[in-house]
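Single-structure report; data block below.
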Protein chains: 2
Amino acid sequence: MTQPEIAKNLKAHRTNLSWSLTKTAAETGVSKAMLGQIERGESSPTIATLWKIATGFHLPLTAFIQAPSPNEFMHFKNGIRFKTLFAFDPILKTEMFAHYLEPHQSQLSAAHDNGVTEDIVVLTGEVEILAAGKWVYLQTGDALRFPADQPHGYRNPTSLPAIFHNIMHYPLLKTP
Amino acid sequence: MTQPEIAKNLKAHRTNLSWSLTKTAAETGVSKAMLGQIERGESSPTIATLWKIATGFHLPLTAFIQAPSPNEFMHFKNGIRFKTLFAFDPILKTEMFAHYLEPHQSQLSAAHDNGVTEDIVVLTGEVEILAAGKWVYLQTGDALRFPADQPHGYRNPTSLPAIFHNIMHYPLLKTP
DNA sequence: AATGCTTGTGCGTTATAACGTACGATGTTA
DNA sequence: TAACATCGTACGTTATAACGCACAAGCATT
């Protein structure tokens, strides 16, 4: 791991919410002078103050220490970034993707063929899944299985990017 | 998230390696006086020094800020930490796990039943998979499918923890 | 143009993180 | 028991994180 870039992360989260330094100082309890210095890289905050900042943003501490990292082999469809991990296999009748959701991004999907089941596992961030008519909230590490033969959808309610795996199961002898 | 307990984490990692404060100071470049104060909770380190400590231990920064008990629903078997994401489903004939490998940890697995296929997707770190008699190197984000009806294994060649998903496909009507 | 408001930065002070060294406690060897 | 080594902590000093306040630049309203 390389040295974390707190400066960029803090500025990204702050401008993402359109917060001023004064507003941020009020929310976090850290003086706006210090916030400015941290953003400019002139100061390396202590864990205590970084924790105050994180809780003020209602975000985990890790959101400020690790760099937002995209990945290789990325594809795009309807504005959704995804990556095919395993293409459809006619014997196993499954396929698997990694999906990347930008902050507040959402996507609806039409019903698939009868009997199709879909699995979701959230890798980073938080995701809401529309399954069986309800939006289900999933945190990092959570997993959800639901029938995909009806309209469903994905959305990222947070201001941080989210990544999830989804595995499609096609029990019938149909190609996706 | 609650306030991170750097003190316990640091002491845990240090005593785990049987390192003295002097040894730790030499490895990390942080004075042993400071290390002692951090362990006793008398000082809240800056991100810069915590990063020096983490790199000295060859661990990610997150190993010191998040509580030592990483996740819920964690199980142990043969010294391997894993988590069942989806239990075996007799209709889909699949099951899915998240595996956690410590630095330099390795595990060999006997052959499964005939026709069983296994999928690996690396989430964090780097992993080597013994498949079809060869060790295959996988980086973060890489995916590998291989027949599991022969001896296979997993190992983490790095000094950082690794996490991977694996999905078992049982095409025959056998329970795992 | 003048007034008020908000933005982010600069400055002086205070609190404390970080350092190097010294010390008492404990354990080991002669 | 004395000499030595190693452990973690206490002390005094220095570097810097964190604060409150003041200030200049930009924008909107009058």
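The sequence lines fix the lettering, A, B, ..., with proteins before strands; numbering per chain opens at 1. Just so it is clear, the structure is predicted and the values come from calculations on it, not from any experiment.
Contact annotation for E42(B): backbone-only contact, meaning every heavy-atom pair under 4.0 Å involves sugar-phosphate atoms and none involves a base. Counting any heavy atom pair closer than 4.0 Å across all strands shown, T46(A) reaches sugar-phosphate atoms only and no base atom. Contacts of K11(A) with the nucleic acid, taken as non-hydrogen atoms under 4.0 Å apart, are absent.
If you measure from atom CG of L10(B) to atom C1' of dA18(C), you get 15 Å, rounded to the nearest angstrom. When the C1' atom of dT7(C) is taken as reference, atom CZ of R40(A) falls 13 Å away, rounded to whole Å.
The phosphate of dG8(C) has OP1 or OP2 within less than 4.0 Å of a side-chain N or O from R14(A). A close approach under 4.0 Å does not occur between any side-chain nitrogen or oxygen of S31(B) and OP1 or OP2 of dA18(C). Taking only side-chain nitrogens and oxygens, K52(B) comes nearer than 4.0 Å to OP1 or OP2 of dC19(C). Within the 4.0 Å cut-off from OP1 or OP2 of dT6(C), not a single side-chain nitrogen or oxygen of S20(A) is found. Within the 4.0 Å cut-off from OP1 or OP2 of dA22(C), not a single side-chain nitrogen or oxygen of K32(B) is found. An OP1 or OP2 oxygen of dA18(C) is reached within less than 4.0 angstrom by a side-chain nitrogen or oxygen of T49(B).
Nearest to the side-chain atoms of T22(A) among the listed nucleotides dC19(D), dT9(D), dT7(C) stands dT7(C). Side chain of A33(B), nearest nucleotide from dG8(C), dA17(D), dC19(C): dC19(C). Of the listed nucleotides (dA18(D), dT9(D), dA18(C)), dT9(D) has the atom at the smallest distance from the side chain of L21(B).
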After noting the C-alpha distance and the side-chain angles of F164(A) and Y100(A), does the key distance pass the ring-ring contact (aromatic ring centres under 6.0 Å, His included) rule? CA-CA 7 Å; F164(A) 63 91; Y100(A) 300 77; 8.9 Å; no

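The backbone N or O of W19(B) sits less than 3.5 Å from a side-chain atom of R14(B), completing a donor-acceptor pair.
Residues T62(A) and I65(B) have side chains in contact (heavy-atom distance under 4.5 Å, counting atoms from C-beta outward).
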Under 3.5 Å, which donor-acceptor pairs link side chains of residues 28-38 of chain A to any protein atom two or more places apart or in another chain?
unit_1	atom_1	unit_2	atom_2	d
T28(A)	OG1	T24(A)	O	2.8
T28(A)	OG1	V30(A)	N	3.2
S31(A)	OG	M34(A)	N	3.3

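Closest-nucleotide positions on DNA chain D for K23(B) and V30(A) were compared, and the one nearer the 5' end corresponds to K23(B).
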